[in-house]
Structures are given as structure tokens and as C-alpha cells.
Asks: 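There's a structure below that I have some questions on.
Side-chain atoms are counted along with the backbone in the values below, which use heavy atoms only and exclude waters and symmetry mates.
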Amino acid sequence: CAPVSCGRCKRVTLNDLLLRGANLSVLVFVVSSMFGVGLRLTVQQILTPLRDAKLVTLSLVANFVVMPIGAIGLAKLLGLDEPLSIGLLLCGVAAGAPFLIKLAEIGKGDMAFAVGLMVLLMVVTVGYMPIVLPMVLAGVSVDPMKIARSLILLMMIPLAIGLVLKARAESVAAWLSPIVGKVSGVSMILVVSLTTAAHLRSMIGVLGSLAVVAAIVFTLLCAAVGWAVAGSKVETKSVLALGTAQRNTAAALVVAGQNFSDPNVLVMITVVMIVSFIVLMPLAGAIARRAPLAATASVRPAGIR
């Protein structure tokens, strides 16, 4: 049928445009976020917090052992359909989201640790996903080079360029940083809005499948695990809680788009992404309000209760 005369073709064309816009927005958001981090920090600032071997080990266990197991267990407990379970699992194995930086700022967390943690989780994700996914998803063949290439191009290279620019031309980096920050913020809004619009019908269709409930419980579970294993400092606990809860949905979307044809896999990742934004922004604010109280308690003279 002719696209001009067929209403169905018009709707398909519009949805296709929304999907292309969403994919472009994901690309811009991830690249600008990583580039922006590089513009603000140095390699030394990123590496210093990672010298705490115990904290690093617990961070890796929380993100790459506990959360994948949690995603699998939650999907079985709630009886999610297979595509939704796969989407939740992809979120469970993908860590190191660029949005952690913004959440850490809101939560008044340790920014050096936030950046170091984000980069560490991102680097591990590149090697972890191609190894683990074929082991836990029977019959699925994942091309490690395809995944690694996408994550390296979208995340590692922009970060490296920003770090080099910060080291070699600090004045230029300082001028670019707020501009890149605005681009990242706008593209983040577009990611959520365009992806939601493109998959609105599918998202409405999964409302009765407990997908939203799964996303909420999973996000809160991630935050609780991160908070529990991060030691006693509130500024460190907040970063690991938010960093564990904010899954790398950009990486999950890349992998899903390359390996799975069922749209509900993408829908589940989108639901997790939207729910995490809704849940973690106020959670970060609540942690920030608690942080001054914790700091006051830490300097209270001995004997005073």
C-alpha cells in the first residue's frame, strides 16, 4: 500500500522515526556524559579511590555477582515472560552508568570514588557481558567483539579524549565542560521521552506482567546491596548504593538491539531505565539530607550522646 494513503504505514513511519531519535539520543547521552567526565577530572583523581582493595572487591561482587543473581531470582519469583526476564538480566549484568556522576552530586557523595567506580564498572562490563551472557542465556550466541567495540567506542574513547584535553588544554576543557553538560542533560531527557513514546504501546501491554514492579524492586534491591557493603562512611555508601542501583541501561540497550529481536527485551530495559530515574533522584536527595547529620555525628565529642 502507498504510505500516503495508508494510515497504518504512517504510524509505522512515525514509530520508526521515534526509534531512530531514541537511538541517536542514547548515543549522544553516553558519549557526552563520558566526554564531560574526562573534561572535569584527571587520571590520578579517577585511580586514587580504587586503591582500597576491600571496597573495590565488594563493589565488583555487588554489581557482577549479586545483581545478576538477583535479576534471575526476581524474574522467576514474579513469573516474568522470557523477553522481560532477558531484559532484566541484561540490566543485571551491565554496570557503570554515566548518570552516576549526576546522582553522586545530588547525593553529596564522594565524587572521586563515584568517577573511579563508574569507570571500573564500565571497563569490567565490557569484558564481563560477552563472557557471562552466553553462559546464562541458553542458545544465545553473543559476539564479544561486537559488544566490546560498541562500549569502547561509546564510552572509553570519549572519556580518554576528555582526559587528554583536560591534561593538555585545561582552559579549553573548562570552557567545554558546561556546554557538554547541557548536551548530556538534554539528551538524557530525550532518551527517556523518545524511548517511552516509541515503546508506549508495548509498555502499556506489559503493565499486567509485573514488569514495573520488577523494575522497582530490582532498583531498590540494588541500592540496598550497595549501601550494605560500602563500609561506614555515608559519602561512600551513597555512591555505591546509587552506582549499583543505576544500571548501565545504555550498554544493555546496545546488546539487546544487536542480539534480540523481541521488542519486549528493549521494553524491559526501558522500564528499568525510567523507574531508576524516578526512584533514584529522590533517593539521592534523601541521602544528601542525611549526609550532614552523619558528618555532625562523626565529629561529636566522646561521651556525648
Asks: Are Ile86 and Leu77 joined in one hydrophobic group, where the rule is that I, L, V, M, F, W and Y side chains link up if heavy atoms are under 4.5 Å apart?
Replies: no

Asks: Taking all heavy atoms of Ala62 and all of Val225, pick out the closest pair and write down the distance.
Replies: CB-CG1, 3.8 Å

Asks: In the structure I gave you, are the side-chain heavy atoms of Leu221 and Leu74 within less than 4.5 Å of one another anywhere?
Replies: no

Asks: Under the 3.5 angstrom rule, does the side chain of Lys237 hit a backbone N or O of Trp227 as a donor-acceptor pair?
Replies: yes

Asks: In Å, rounded to the nearest 0.5 Å, how long is the span from OG of Ser193 to CG of Leu18?
Replies: 9.0 Å

Asks: Show the nearest heavy-atom pair for residues Ile269 and Ala252, with the distance to one decimal.
Replies: CD1-O, 3.5 Å

Asks: Give the C-alpha distance, both sets of side-chain angles, the deciding distance and a yes or no for side-chain contact (heavy atoms from CB on, under 4.5 Å) between Val239 and Glu235.
Replies: CA-CA 7 Å; Val239 168; Glu235 60 270 25; over 6 Å; no

Asks: Judged by atom type as modelled, is there a donor-acceptor pair below 3.5 Å linking the side chain of Tyr128 to the main-chain atoms of Phe64?
Replies: yes

Asks: Just wondering, more than 12 heavy atoms not from Glu105 lying within 6.0 Å of its CD?
Replies: yes

Asks: Supply the atom-to-atom distance Leu242 CG to Thr219 OG1, rounded to the nearest 0.5 angstrom.
Replies: 11.5 Å

Asks: So, taking the atom named CZ in Phe218 and the one named CG in Leu89, what distance separates them when rounded to the nearest 0.5 Å?
Replies: 8.5 Å

Asks: Leu240 vs Thr236, test: side-chain contact (heavy atoms from CB on, under 4.5 Å). Steps then yes/no.
Replies: CA-CA 6 Å; Leu240 189 52; Thr236 302; 5.6 Å; no

Asks: Nearest 0.5 Å, what's the CZ-CG distance between Phe35 and Leu163?
Replies: 10.0 Å

Asks: Can a donor-acceptor pair be found, under 3.5 Å and without considering hydrogens, that links the side chain of Asp262 to the backbone of Pro83?
Replies: no

Asks: Go through the steps for Val255 and Met129 under the test side-chain contact (heavy atoms from CB on, under 4.5 Å), then give the verdict.
Replies: CA-CA 9 Å; Val255 175; Met129 292 185 77; 3.4 Å; yes

Asks: For the CG atom of Leu90 and the OG atom of Ser85, what is their distance to the nearest 0.5 Å?
Replies: 11.0 Å

Asks: Taking all non-hydrogen atoms of both residues, which atom of Ala214 and which atom of Leu80 are closest, and how far apart?
Replies: CB-CD1, 3.9 Å

Asks: Side chains of Val136 and Pro68: does their closest heavy-atom pair fall under 4.5 Å?
Replies: no

Asks: Using only atom types and a distance under 3.5 Å, with no angle test, would you say the side chain of Asn264 pairs donor to acceptor with the backbone of Val267?
Replies: no

Asks: So, does Ser177 use its side chain to make a donor-acceptor pair with the main chain of Ala174 at under 3.5 Å?
Replies: no

Asks: With side chains defined as the heavy atoms from C-beta onward, is the minimum distance between Met122 and Met156 less than 4.5 Å?
Replies: yes

Asks: Look up atom OG in Ser184 and atom CD1 in Ile189, then write down how far apart they are to the nearest 0.5 Å.
Replies: 10.0 Å

Asks: Are Val31 and Leu153 close enough that some pair of their side-chain heavy atoms sits under 4.5 Å apart?
Replies: no

Asks: Same hydrophobic cluster for Val164 and Leu41, using side-chain heavy-atom links shorter than 4.5 Å among ILVMFWY?
Replies: no

Asks: Kindly say whether Asn63 contributes a backbone atom to a donor-acceptor pair with the side chain of Arg247 at under 3.5 angstrom?
Replies: yes

Asks: Decide yes or no for Leu280 and Gln246: does some side-chain heavy atom of the first lie under 4.5 Å from some side-chain heavy atom of the second?
Replies: yes

Asks: Show the nearest heavy-atom pair for residues Met67 and Thr244, with the distance to one decimal.
Replies: CG-CG2, 3.8 Å

Asks: Mind checking whether Val43 and Leu47 have side chains closer than 4.5 Å, heavy atoms only?
Replies: yes

Asks: Looking at side-chain heavy atoms only, is the closest gap between Arg40 and Met111 below 4.5 Å?
Replies: no

Asks: Does the side chain of Leu165 come within less than 4.5 Å of Leu176's, by heavy atoms?
Replies: yes

Asks: Looking only at non-hydrogen atoms, find the nearest pair between Val265 and Ala256 and report the distance.
Replies: CG1-CB, 3.8 Å

Asks: Side chains of residues 49-60: which donor-acceptor partners sit under 3.5 Å, not counting sequence neighbours?
Replies:
residue, atom, partner, partner atom, Å
Asp52, OD1, Lys54, N, 3.3
Asp52, OD1, Leu55, N, 3.2
Thr57, OG1, Ala53, O, 2.8
Ser59, OG, Leu55, O, 2.7

Asks: Under a 3.5 Å cutoff, is there a donor and acceptor pairing between the side chains of Ser187 and Ser25?
Replies: no

Asks: Taking the side chain from Thr125 and the backbone from Leu121, do they hold a donor-acceptor pair closer than 3.5 Å?
Replies: yes

Asks: Tell me the closest heavy-atom pair linking Gly109 and Ser238, and the distance in Å.
Replies: CA-OG, 3.5 Å

Asks: Please lay out, stage by stage, how Met268 and Met273 fare under the test side-chain contact (heavy atoms from CB on, under 4.5 Å).
Replies: CA-CA 9 Å; Met268 187 68 228; Met273 176 180 65; over 6 Å; no

